[in-house]
Amino acid sequence: EAQVTQNPRYLITVTGKKLTVTCSQNMNHEYMSWYRQDPGLGLRQIYYSMNVEVTDKGDVPEGYKVSRKEKRNFPLILESPSPNQTSLYFCASSTNGLAGGEQFFGPGTRLTVL
Amino acid sequence: AQSVAQPEDQVNVAEGNPLTVKCTYSVSGNPYLFWYVQYPNRGLQFLLKYITGDNLVKGSYGFEAEFNKSQTSFHLKKPSALVSDSALYFCAVRDETGTASKLTFGTGTRLQVTL
């Protein structure tokens, strides 16, 4: 089954404790992206990747890191989480990002930073 | 910079009635426009897109959207709403110009369909 998987689905942590949210897709998509969803703000893009070893900042990259060492994986790293990073996070992938391909979304990761 | 506006936080419709969820956009070049739906505790699902061609785009679950360049709008429509259509709907836009591939989402509109 074609899908985007994220782990963990739920995470409660404390300020400053490094964490990684994994994202994996099995559709051989070149383009992958991370978003955060907050009430009243919709989805905002954190980082995206056009292909392996190619990443770029979205609209709200501060406090986050990403890497794209393999085509299928695009982990989101929070080196020192803070309470304002409490949010619902989505990973997404698509074929050629420049050609208007629709994005496939993972199920989401609900992160709470205390 | 590209942007999307969804002016209604919530739309209430009776089952069987037509529904419209509004979206307006702003881009510097030609737009690529999308609608996504989010059901409770789920990720977003693609509904339909406009890239070029016919201004009326048909998508999944009986939804359609009309691209209006002069009004910079891309409203989502369905002739007859179902209770199961109740969900959160997001409009999104991508500018075809430029080298970066960034999709900008609206703030979402909650659709509530009642019996």
Side-chain angles (χ1 to χ4, degrees), chain A residues 2-7 9-10 21 23-25 27 29-51 54-61 68 74 87-110, chain B residues 1-10 21 23 25 27 29-53 57 59-60 63 65 67 74 87-110:
Chain A
Q3 61 183 347
V4 178
T5 56
Q6 295 178 228
N7 282 292
R9 293 289 312 279
Y10 302 90
V21 183
C23 172
S24 183
Q25 52 95 3
M27 294 168 280
H29 286 164
E30 296 87 3
Y31 180 88
M32 296 185 75
S33 182
W34 276 103
Y35 299 89
R36 60 178 289 174
Q37 183 179 9
D38 301 289
L41 296 176
L43 271 76
R44 293 178 293 168
Q45 191 174 47
I46 302 170
Y47 269 94
Y48 65 94
S49 171
M50 299 292 288
N51 215 324
V54 180
T55 63
D56 206 350
K57 296 178 180 179
D59 296 317
V60 288
R68 188 92 182 272
F74 191 45
S87 188
L88 180 58
Y89 291 86
F90 289 101
C91 181
S93 72
S94 72
T95 55
N96 187 342
L98 292 173
E102 60 264 30
Q103 295 192 15
F104 292 79
F105 283 80
T109 295
R110 186 167 293 281
Chain B
Q2 59 196 38
S3 65
V4 175
Q6 293 183 242
E8 301 154 317
D9 290 336
Q10 181 154 330
V21 182
C23 171
Y25 67 89
V27 295
N30 289 321
Y32 293 164
L33 293 154
F34 303 81
W35 276 102
Y36 287 83
V37 59
Q38 184 180 29
Y39 297 102
N41 300 313
R42 302 283 296 276
L44 278 71
Q45 297 177 33
F46 169 79
L47 272 181
L48 51 80
K49 67 180 177 183
Y50 172 83
I51 303 300
T52 187
V57 178
S60 307
F63 284 93
F67 171 65
F74 189 57
L88 187 58
Y89 291 80
F90 290 96
C91 182
V93 68
R94 173 183 293 146
D95 195 325
E96 68 159 358
T97 63
T99 58
S101 181
K102 292 173 61 174
L103 194 61
T104 298
F105 285 82
T107 53
T109 298
R110 187 164 300 282

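Side chains included, hydrogens not; waters and symmetry mates left out as well; all remaining heavy atoms used. This structure is a prediction, so every number in the text was calculated from the model and none was measured.
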Asker: Are Trp35(B) and Glu102(A) packed together at the side-chain level, in the sense that at least one heavy-atom pair is separated by less than 4.5 angstrom?
Answerer: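 A side-chain contact under 4.5 Å is absent here.
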Asker: Within the structure provided, determine whether Leu103(B) and Tyr35(A) are in side-chain contact (heavy-atom separation under 4.5 Å).
Answerer: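 Contact flag for Leu103(B)/Tyr35(A) side chains = yes.
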Asker: Determine, step by step, whether Leu88(B) and Gln37(A) satisfy the side chain to side chain contact (heavy atoms under 4.5 Å, CB included) criterion, reporting the C-alpha distance in whole Å, the side-chain angles of both residues, the deciding distance to 0.1 Å, and the verdict.
Answerer: CA-CA 12 Å; Leu88(B) 187 58; Gln37(A) 183 179 9; 3.7 Å; yes
Asker: Can you measure from CZ (Phe105(A)) to CZ (Arg42(B)) and round to the nearest 0.5 angstrom?
Answerer: 13.5 Å
Asker: If you count heavy-atom pairs within less than 4.5 Å of chain B, which of Asp59(A), Leu43(A), Leu88(A) leads?
Answerer: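 That would be Leu43(A).
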Asker: Under a 4.5 Å heavy-atom cut-off, does chain A meet the side chain of Gln6(B), its backbone, both or neither?
Answerer: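 Neither part.
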Asker: Given heavy-atom pairs under 4.5 angstrom as the criterion, report whether the side chain, backbone, both or neither of Leu48(B) touches chain A.
Answerer: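 Neither; nothing under 4.5 Å.
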Asker: Tell me whether Tyr36(B) contacts the main-chain N or O of Gln103(A) through its side chain, where contact means a donor paired with an acceptor under 3.5 Å.
Answerer: yes
Asker: Would one find more than 12 heavy atoms of other residues, nucleotides or ligands at under 6.0 Å from atom CZ of Arg110(A)?
Answerer: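 Not buried by this count: 12 neighbours or fewer within 6.0 Å.
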